[in-house]
Amino acid sequence: MLYFLSMDNLLIFERGTPGRAGVDMPACDVPERQISELIPEAYLRTVPPGLPEVSEPELVRHYTGLSRLNYSVDSNFYPLGSCTMKYNPKVNDDAAALSGFDSLHPLQSEETTQGALRLMYELEQCLKEIGGLARVSLQPAAGAGGEFTGMLIVRAYLEARGDRRDKVIIPDSAHGTNPASAHLAGFHVLEVKSGADGLVDLSELRKLVGPDTAGFMLTVPNTLGLFEKDIVEIARIIHGAGGLMYMDGANMNALVGLVRPGDMGFDVVHFNLHKTFSTPHGGGGPGAGPVGVSEALVPYLPAPTVEFDGTRYRLDNDRPHSVGRVQAFNGNFGVLVRAYAYIRSLGPDGLAAVSENAIINANYLLARLRGHYQLAHERHCMHEVVFSGHRQKEHGVHTRDIAKRLLDHGFYAPTVYFPLVVEEAIMIEPTETETRQTLDAFVDAMISIANEAEASPDVLTSAPHTTPVARLDETLAARRPVIRYRKPLTPHWRSPLTPSPLSS
Ligand SMILES: *Cc1c(COP(=O)(O)O)cnc(C)c1O
């Protein structure tokens, strides 16, 4: 892999000269006022800020150089499991950037925002259909926010019935946000162990269920990429005891168009629009975690809801049983636009094809790699597959070494050490749009690494060998980042398999 930095290796603040500019400011289109009339003197600068003064080409070259150091889905395969790095078509970003959407002000009147309200209303109809649910609130700004909102809804529902149930059961394979959300909403969390097959152990579940069971939170497919085959029986057990079924829908991209959570017996479901419905979500946001519910829970949804009377759309704040507002205004609207554009452009058949291809691609990797890496569970998987680095560990090679070595092959590393229930876990999610050629190239790299683990483990434990920096002290790198390379990099600055001079 080659890395190109600009020749001089300067920071943006060290470039340019005073007075040099890369932009012309547009003419002022409002009456001009002195800044001192608008902002109290005490808050005004006396010295201009030290901003870079650079020409357009300097600016473009600087950021293009940096972007080439950055690995992204636009440059190569990104097999990160659990985070659902599915493909986000560019056209959805275009839709979100339409001026009618991106110039909206959140305090505009309903009269001037009918189009935006319509989009929200219709997105709710789509998610209802996809989820098999009675209604959906678009407000929560992340999956975790959807979980928390969903748990508040469960609590409000139980309280309205004078029911004092306070235990929520969650499998040991769950994402950490599940117990956190249940706990924050005032419930006590009970953990149910997974069986040897990676699925909920029904006999363990029966031991925990009782008259104090408020609900059960389950991820489908679960975080091991496995479909909970006993889901109907699980729902029967929980409902039979008077509890509610919550589905963590972060892995919905394996189900969309194929199976509906409502039909499986779930009462509350959150969607991660930024995972399943087309918002690039590296770097921490923005997101949207709509939460959908079955009929009996509709009164408790966050307010306002979006209503349509056949001619006009409006926000309904008159919802006396609502858990209240959980997000400023209408949540992350741009994420809603992308999701709407994605769903409408693919249609029901296209969405089902996305899920099918996600499942086929993951099972292709499973089939090709199972002879080289130990499979966590001997079953077909859904959209992601979990291996264990158990065999390689016998040669002194750990999963993190395998992940680091993949970087030398030009691939981003899969998710490692999650789920926690698998020793030396390697979790691969290929995404639905990758070609057979790309998957094969990745498999070849993984096989060559498995062979290296036996023949020359040192190469792995000292990897990566071709990246600008090798193994950083991760804590120190976050606390005291060194943003300048000590040496300018050139395209041929170092050949593979020689130790990095910058690795310390
Ligand atoms: C990502 C994820 C979450 C949390 O979603 P955020 O949008 O990151 O808050 C919850 N559960 C599972 C299984 C996830 O993968």
Side-chain angles (χ1 to χ4, degrees), residues 1-3 68-73 75-83 85 282 361-362 364-376 384-420 422-431 434 437-477 485 489 491-504:
M1 207 189 319
L2 301 181
Y3 293 88
R68 286 181 184 178
L69 286 173
N70 196 18
Y71 194 100
S72 76
V73 279
S75 48
N76 213 336
F77 184 49
Y78 213 105
L80 202 61
S82 176
C83 297
M85 300 303 290
N361 278 1
Y364 182 69
L365 294 185
L366 182 158
R368 284 213 57 202
L369 286 173
R370 69 187 311 169
H372 306 273
Y373 293 88
Q374 182 177 308
L375 208 48
E384 57 194 350
V385 54
V386 182
F387 291 97
S388 158
H390 182 74
R391 281 187 214 163
Q392 286 69 30
K393 198 175 170 184
E394 286 162 18
H395 304 285
V397 170
H398 290 85
T399 283
R400 77 173 155 274
D401 305 319
I402 297 167
K404 297 285 185 195
R405 186 61 173 147
L406 264 174
L407 308 181
D408 286 333
H409 288 269
F411 290 110
Y412 198 84
T415 296
V416 293
Y417 299 103
F418 182 84
L420 305 176
V422 175
E423 182 201 3
E424 298 285 327
I426 308 173
M427 181 185 222
I428 308 172
E429 177 169 3
T431 84
E434 295 300 343
Q437 287 77 10
T438 301
L439 298 183
D440 282 337
F442 175 75
V443 166
D444 291 345
M446 286 292 287
I447 292 175
S448 114
I449 291 171
N451 292 337
E452 254 174 359
E454 291 174 28
S456 43
D458 292 353
V459 174
L460 268 68
T461 52
S462 56
H465 304 279
T466 60
T467 50
V469 291
R471 298 202 185 196
L472 298 170
D473 176 327
E474 286 166 21
T475 311
L476 209 57
Y485 291 99
L489 303 182
H492 314 289
W493 72 292
R494 201 153 46 76
S495 60
L497 305 190
T498 57
S500 166
L502 304 177
S503 57
S504 55

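For reference, positions follow the sequence shown, starting with 1.
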Query raised in the report: Hey, is the main chain of Thr399 close enough, under 3.5 Å, to the side chain of Gln392 for a donor-acceptor pair?
Result: no
Report task. Rounded to the nearest 0.5 Å, what's the gap from CG on Asn76 to OH on Tyr412? Could you check? Result -> 12.5 Å
Query - For Phe387, ring pair (Phe, Tyr, Trp, His ring centres under 6.0 Å) partners two or more places apart - result: none
Report summary line: When rounded to the nearest 0.5 Å, the distance separating CD of Glu454 from NE2 of His372 is 10.5 Å
Query raised in the report: Distance from Glu429 atom CD to Ser82 atom OG, nearest 0.5 Å?
Result: 8.0 Å
Report summary line: Here the pair of heavy atoms bringing Pro414 nearest to Leu406 is CD-CD1, 3.4 Å
Report summary line: Nearest heavy-atom approach of Asp473 to Leu476 is OD1-N, 3.0 Å
Report task. Please confirm whether the backbone N or O of Glu423 pairs with a side-chain atom of Ser388, one donor and one acceptor, at under 3.5 Å? Result -> yes
**Report entry** Sub-4.5 Å side-chain heavy-atom contact between Val385 and Tyr364
**Finding:** no
Query - Distance, nearest 0.5 Å, that separates OH of Tyr71 from CZ of Phe77 - result: 8.0 Å
Query raised in the report: Which pair of heavy atoms, one from Pro430 and one from Ile428, lies closest together, and at what distance?
Result: CD-O, 3.8 Å
Requested in this report: Would you check if the side chain of Asp408 reaches a backbone N or O of Pro464 as a donor-acceptor pair within less than 3.5 Å?
Outcome: no
Report summary line: Output for pair (Leu365 CG, Phe442 CZ), nearest 0.5 Å, gives 6.5 Å
Requested in this report: Identify whether the distance between the nearest side-chain nitrogen and carboxylate oxygen of Arg368 and Asp444 falls below 4.0 Å.
Outcome: yes
Query raised in the report: Once you round to the nearest 0.5 Å, how far does CG of Asp401 lie from CD1 of Ile449?
Result: 10.5 Å
Query raised in the report: With side chains defined as the heavy atoms from C-beta onward, is the minimum distance between Glu424 and His390 less than 4.5 Å?
Result: no
Query - Check: Met446 main-chain N/O paired with Tyr373 side-chain donor or acceptor under 3.5 Å - result: yes
Query raised in the report: Heavy atoms, side chains only, cut-off 4.5 Å: are Leu369 and Ile447 in contact?
Result: yes
Report task. Specify the closest pair of heavy atoms between Ala413 and Pro79, including all atoms of both residues, with the distance to one decimal. Result -> C-CG, 4.4 Å
Show me the side-chain donor-acceptor pairs of residues 455-463 shorter than 3.5 Å, one per line, residues at least two apart or across chains.
from: Thr461; atom 1: OG1; to: Pro457; atom 2: O; distance (Å): 3.4
from: Thr461; atom 1: OG1; to: Asp458; atom 2: O; distance (Å): 3.3
from: Ser462; atom 1: OG; to: Asp458; atom 2: O; distance (Å): 2.8
from: Ser462; atom 1: OG; to: His465; atom 2: NE2; distance (Å): 3.4

Query raised in the report: Where the side chain of Tyr417 meets the backbone of Arg400, is there a donor-acceptor pair that is under 3.5 Å apart?
Result: yes
Report summary line: When every non-hydrogen atom of Val386 is compared with those of Ala425, the smallest separation belongs to CG1-CB, 4.4 Å
